**Student:** 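Shown below is the structure under consideration.
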2 protein chains.
Amino acid sequence: MSRGVITSADVALRAGVSRSAVSRCFTPGASVSSKTRGRVMEAAQALGYRPNAIARSLNKGRSRMIAVVLGYMDNPFYPAMLERLAARLQACGYRLLLFTAKPDGSCDELFSEILVYQVDGIILGSILLTSALAQRCRAARIPLVLVNRTTDDRVVSSVTADNRNGARAVADFLLAGGHKRFAYVAGLASSSTNHDRETAFRKRLTEAGVSAFIREEGAYTREGAQDAARRLLQRPRPPDAIFCANDHMALAVMDVARFELGLRVPEDVSIVGYDDVASAAWPSYRLTTVEQPVDVMAQAAVDSLMGRIEGGQRGGEQVRIPGELVVRDSARRPASGIVTVDGQDLWRPRERMKARAKA
Amino acid sequence: MSRGVITSADVALRAGVSRSAVSRCFTPGASVSSKTRGRVMEAAQALGYRPNAIARSLNKGRSRMIAVVLGYMDNPFYPAMLERLAARLQACGYRLLLFTAKPDGSCDELFSEILVYQVDGIILGSILLTSALAQRCRAARIPLVLVNRTTDDRVVSSVTADNRNGARAVADFLLAGGHKRFAYVAGLASSSTNHDRETAFRKRLTEAGVSAFIREEGAYTREGAQDAARRLLQRPRPPDAIFCANDHMALAVMDVARFELGLRVPEDVSIVGYDDVASAAWPSYRLTTVEQPVDVMAQAAVDSLMGRIEGGQRGGEQVRIPGELVVRDSARRPASGIVTVDGQDLWRPRERMKARAKA
DNA sequence: TTGAAAGCGCTAACAT
DNA sequence: ATGTTAGCGCTTTCAA
């Protein structure tokens with residue numbers, strides 16, 4: 001134990017065994033006699049020895065580290081997701097290596113940084129995946145899973161909410177509420193999540209014969225959403241219902257509507273979000289929104305990764321997590337109090353959704 | 001380049017040089033002729049080679065990874081801090097290994113996990129550091145810095161806001177506003193930050209001859225703060241000013257006051273927080289609070305760590321970052337419109353504070 | 001069950 | 001400036 005660093009050799013010496021014996025004692029499922037195990041463990045205890053994870057990684061070729069790359073933390077959905085990911089990963093005995101990047105920036109550079117660390121897997125959230133990057137991961141044989149995003153490339157795995165269904169539910173709810181003039185505040189146009197929510201919402205409205213539809217870009221930022229809200233609500237004939245690509249923007253839109261423009265929500269304008277972040281439930285907002293079950297999604301992402309790391313699965317699965325419409329007070333409710341979607345009661349979808357989530 | 005993994009040997013072979021030559025090309029400040037460098041780089045490019053960080057870590061004895069351990073992400077101060085830390089660390093060429101733990105839980109187990117990864121440093125936020133843990137870090141020679149926390153142990157480094165000054169400013173502001181009956185909603189009693197804010201606040205009030213003072217525990221959680229608010233505001237003679245240990249709780253208190261109890265803020269009760277998180281500025285709240293400059297603190301924490309990792313400094317520095325009182329609308333303002341603290345204008349402390357931060 | 005020996009991919013003396 | 005050699009701390013055949 002020369003100075004500071006205790007190696008397996010130190011333990012071996014003290015226990016009077018070989019380094020291999022020590023190694024085996026720390027390798028689950030290796031064959032060691034209980035006698036040696038006892039002596040080794042005692043020596044290790046005395047010396048405060050724990051195998052060096054870096055050295056182990058080097059010769060196993062597996063680091064037990066997962067890279068998580070996130071774009072922004074302003075939207076509380078991401079910190080929440082990160083927290084769940086960290087917990088799940090820790091539970092599986094993996095470490096979380098965190099990377100951040102501009103949401104729209106090229107993370108080409110970043111990927112080199114990641115690959116260099118020999119991570120066993122990558123979780124990508126709130127970031128644009130180019131097919132070149134997907135290609136690099138495949139070449140390096142590193143499992144990759146997108147969270148809250150998909151790609152056209154069916155080979156890459158992803159975990160998303162059931163965005164189309166969620167957006168449809170919002171459209172139906174708003175329609176049933178008797179709204180006539182609709183608006184959508186978009187996130188980044190490049191994001192699949194935005195695309196899915198927007199097109200499904202739009203489609204449903206069209207099916208219902210709605211022609212009054214406007215769209216503004218909010219770019220997923222608070223400022224962007226505020227500007228969008230101003231443009232929208234100061235039109236000659238403003239919308240009476242606004243669906244925002246996420247809660248983070250919906251909250252901003254509510255603030256502009258009420259405090260800048262003196263509008264009443266939902267009397268003058270209904271506002272609906274997506275995610276059900278914590279602040280959506282605060283009494284100052286009581287935002288009607290579609291839940292995105294963070295914990296379920298985190299679990300699914302980790303499971304997907306583990307399946308490919310440990311089980312050696314093929315990958316390329318698109319997991320879609322259902323989430324219910326959470327009806328609060330930011331959108332006018334249907335007069336009847338009952339709405340059905342696809343023959344299902346929209347007001348009590350909890351059980352159905354939960355059941356589907358299990359599957 | 002057998003299959004998948006490209007090593008320096010592959011590059012060496014292709015470039016017709018030794019592995020050392022390759023290594024040197026990727027080591028800043030090593031001596032290589034431009035001719036070999038060219039050939040090596042070309043070969044590396046063609047093969048897609050990048051030195052294996054794990055292997056490098058092993059023989060350098062430095063991993064260029066920093067462990068960051070956080071307790072909760074509910075309070076948006078921490079995600080914000082994390083984001084800044086990630087950015088700063090990335091800029092210094094370090095990787096961030098994220099760990100989470102219960103805020104009050106023993107992270108003894110966790111520390112073993114961390115040490116095993118041979119991290120070059122540890123940043124601890126929102127977590128209780130026992131002296132045993134500090135001892136272990138010292139033994140392992142791993143620099144440690146606390147963020148938003150301190151210990152009595154003067155040997156461990158920390159970066160905090162100037163909590164006593166901030167709390168004093170709040171007391172003075174509230175006093176000047178003509179408040180008579182004060183309350184404090186505490187965070188975790190075990191946290192130094194809470195202690196500093198509470199005692200300084202209390203002390204100032206006492207000096208001013210205030211005797212009407214109550215305190216309730218909020219435990220840094222939204223629910224805890226809500227309960228505290230109910231207990232406080234439903235007393236026969238409720239306080240007319242409440243100082244909360246952080247914004248996260250202050251927002252919860254505002255919600256209870258206004259929506260559950262029908263109180264007007266600040267007419268019926270003034271509420272002040274600490275941190276200046278993003279939502280404090282939202283028009284629904286407009287919370288008066290004390291700024292905790294996240295970016296400056298993150299920078300300071302990283303600097304402190306780097307000083308000890310690269311420069312070999314001794315450690316044991318307690319950095320205190322000043323932060324100004326941000327006056328918004330959740331607390332009644334002094335009639336005069338001018339308050340001075342320690343002979344300084346309280347309303348325009350920005351310049352002074354910023355200047356001090358530089359030092 | 002155990003130890004000896006080889007090797008994971010890299011860097012750093014040392015020699016040339 | 002370059003190659004040779006040794007070694008970071010660990011696991012893992014392979015013999016015994």
Side-chain angles (χ1 to χ4, degrees), chain A residues 1-41 43-44 47-65 115-120 140-141, chain B residues 1-41 43-44 47-65 115-120 140-141:
Chain A
M1 56 167 283
S2 37
R3 39 156 207 65
V5 205
I6 295 116
T7 76
S8 66
D10 301 317
V11 179
L13 193 67
R14 187 183 232 261
V17 298
S18 73
R19 283 165 50 205
S20 331
V22 176
S23 172
R24 282 190 272 260
C25 289
F26 288 91
T27 306
S31 90
V32 209
S33 73
S34 62
K35 200 181 67 183
T36 23
R37 154 157 282 128
R39 301 169 55 160
V40 166
M41 285 321 204
L47 263 28
Y49 170 81
R50 291 271 267 128
N52 179 331
I54 296 286
R56 177 177 282 182
S57 299
L58 179 57
N59 80 2
K60 289 232 196 190
R62 319 240 270 85
S63 62
R64 295 193 84 83
M65 296 194 298
L115 296 185
V116 148
Y117 268 89
Q118 312 291 111
V119 295
D120 294 344
R141 293 227 169 66
Chain B
M1 56 168 285
S2 36
R3 38 154 207 66
V5 205
I6 295 117
T7 76
S8 66
D10 301 317
V11 179
L13 193 66
R14 186 180 231 262
V17 297
S18 72
R19 286 169 41 197
S20 333
V22 176
S23 172
R24 280 190 274 260
C25 288
F26 287 93
T27 306
S31 90
V32 208
S33 74
S34 62
K35 199 182 67 185
T36 29
R37 152 158 284 130
R39 302 169 55 159
V40 166
M41 284 322 203
L47 264 28
Y49 170 81
R50 290 272 270 129
N52 179 329
I54 296 287
R56 179 179 279 182
S57 298
L58 179 58
N59 83 357
K60 288 231 198 195
R62 319 242 269 82
S63 61
R64 295 193 83 82
M65 295 194 297
L115 296 185
V116 149
Y117 268 88
Q118 311 292 111
V119 294
D120 294 345
R141 291 226 171 67

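Quick caveat: nothing in here was measured; it's all calculated off a predicted structure. So you know, we letter chains A, B, ... as the sequences are listed, proteins then strands, and number each from 1.
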**Student:** Of the nucleotides dT2(C), dA5(C), dT11(C), which has the atom closest to the Ser20(A) side chain?
**Tutor:**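 Comparing dT2(C), dA5(C), dT11(C) against the side chain of Ser20(A), the answer is dA5(C).
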
**Student:** Measure the distance from CG on Leu47(B) to C1' on dG9(C) and round it to the nearest whole Å.
**Tutor:**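 The answer, rounded to whole Å, is 15 Å.
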
**Student:** Of the nucleotides dG9(C), dT2(C), dG3(D), which one has an atom closest to the side chain of Leu58(B)?
**Tutor:**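 The nucleotide sitting nearest to the side chain is dG9(C).
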
**Student:** May I have the distance from Arg64(B) (atom CZ) to dT11(C) (atom P), rounded to whole angstrom?
**Tutor:**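 In whole Å, dT11(C) P and Arg64(B) CZ are 12 Å from each other.
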
**Student:** Answer with base, sugar-phosphate or nothing: what part of the nucleic acid does Ser31(A) contact at a heavy-atom distance below 4.0 Å?
**Tutor:**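 Counting heavy atoms under 4.0 Å across all strands, the contact made by Ser31(A) includes a base.
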
**Student:** Please step through side-chain contact (heavy atoms from CB on, under 4.5 Å) for the pair Ile54(B) and Met65(A), ending with a clear verdict.
**Tutor:** CA-CA 11 Å; Ile54(B) 296 287; Met65(A) 296 194 298; 4.1 Å; yes

**Student:** Give Val22(A) one of three labels, base, sugar-phosphate or nothing, depending on what nucleic acid heavy atoms sit under 4.0 Å from its own.
**Tutor:**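 Here Val22(A) touches no strand at all.
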
**Student:** Which is more 5' along DNA chain D, the nucleotide nearest Pro51(A) or the one nearest Val17(B)? Just name the residue.
**Tutor:**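 Comparing both residues, the 5'-ward one is Val17(B).
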
**Student:** Under 4.0 Å from OP1 or OP2 of dC8(D): is there any side-chain N or O of Lys60(B) that close?
**Tutor:**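 Result: no.
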
**Student:** Return the nearest nucleotide to the side chain of Asn52(B); candidates are dG9(D), dG9(C), dG3(D).
**Tutor:**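 Nearest to the side chain of Asn52(B) among the choices is dG9(C).
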
**Student:** Knowing that exactly one of Leu13(A), Thr7(A), Ile6(A) qualifies, which makes a side chain to side chain contact (heavy atoms under 4.5 Å, CB included) with Leu47(A)?
**Tutor:**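 Result for side chain to side chain contact (heavy atoms under 4.5 Å, CB included) with Leu47(A): Ile6(A).
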
**Student:** Return the nearest nucleotide to the side chain of Ser33(B); candidates are dT11(C), dT12(D), dA1(D).
**Tutor:**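 Per side-chain heavy atoms of Ser33(B), the pick is dA1(D).
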
**Student:** Report yes or no: does Arg39(A) contribute a side-chain atom to a donor-acceptor pair with the main-chain N or O of Ala15(A) at less than 3.5 Å?
**Tutor:**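 Between the backbone of Ala15(A) and the side chain of Arg39(A) there is a qualifying donor-acceptor contact (under 3.5 Å).
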
**Student:** Is the backbone of Ser23(B) close enough, under 3.5 Å, to the side chain of Ser8(B) for a donor and an acceptor to pair up by distance?
**Tutor:**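 Pair absent, no side-chain N/O of Ser8(B) close to backbone of Ser23(B).
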
**Student:** Look at the side chain of Thr27(A) and decide which nucleotide, out of dT12(D), dT11(C), dT2(C), has an atom nearest to it.
**Tutor:**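 Nearest nucleotide to the side chain: dT12(D).
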
**Student:** Identify which one of Val22(B), Asp10(B), Val5(B), Val40(B) satisfies the side chain to side chain contact (heavy atoms under 4.5 Å, CB included) criterion when paired with Tyr49(B).
**Tutor:**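 With Tyr49(B) as partner, Val22(B), Asp10(B), Val5(B), Val40(B) yield a single side chain to side chain contact (heavy atoms under 4.5 Å, CB included), made by Val22(B).
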
**Student:** Grab the CZ-P distance between Arg62(B) and dC10(C) for me, whole Å please.
**Tutor:**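 So the CZ-P distance, Arg62(B) to dC10(C), works out to 19 Å.
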
**Student:** Rounded to the Å, how far apart are Ile54(B) CD1 and dC10(C) P?
**Tutor:**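 Rounded to whole Å, this separation is 12 Å.
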
**Student:** Do any side-chain nitrogens or oxygens of Ser18(A) fall under 4.0 Å of OP1 or OP2 in dA4(C)?
**Tutor:**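 Indeed not, no polar side-chain atom of Ser18(A) lies that close.
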
**Student:** For Ala55(B) versus Leu58(A), what's the shortest heavy-atom pair and its separation?
**Tutor:**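 Distance-wise, the nearest heavy atoms are CB-CD1, 3.7 Å.
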
**Student:** Taking atom P of dG7(D) as reference, at what distance in whole Å does atom CZ of Arg19(B) sit?
**Tutor:**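 For the pair Arg19(B) CZ and dG7(D) P, the rounded distance is 15 Å.
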
**Student:** Among dT2(D), dC10(C), dT11(D), which nucleotide sits nearest the side chain of Asn59(A)?
**Tutor:**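 Nearest listed nucleotide: dT11(D).
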
**Student:** Rounded to the Å, how far apart are Arg56(B) CZ and dG7(D) P?
**Tutor:**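 Checked: the CZ to P distance equals 22 Å.
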
**Student:** Closest to the Ser23(A) side chain: dC10(C), dT12(D), dA12(C)?
**Tutor:**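 Nearest to the side chain of Ser23(A) among the choices is dT12(D).
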
**Student:** Using a cut-off of 4.0 Å on non-hydrogen atoms, how would the nucleic acid contact of Tyr49(B) be classed: base, sugar-phosphate, or nothing?
**Tutor:**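 If one applies the 4.0 Å heavy-atom cut-off, Tyr49(B) turns out to touch the sugar-phosphate alone, with no base involved.
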
**Student:** Identify which nucleotide among dT1(C), dC8(D), dC10(C) has an atom closest to any side-chain atom of Thr36(A), counting heavy atoms from C-beta outward.
**Tutor:**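 Side chain of Thr36(A) sits closest to dT1(C).
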
**Student:** Between Ala55(B) and Arg24(B), which has a closest nucleotide on DNA chain C that is more 5'?
**Tutor:**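 Nearer the 5' end of the strand: Ala55(B).
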
**Student:** In whole Å, I'd like the distance from the CZ atom of Arg50(B) to the P atom of dT11(C).
**Tutor:**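 For the pair Arg50(B) CZ and dT11(C) P, the rounded distance is 12 Å.
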
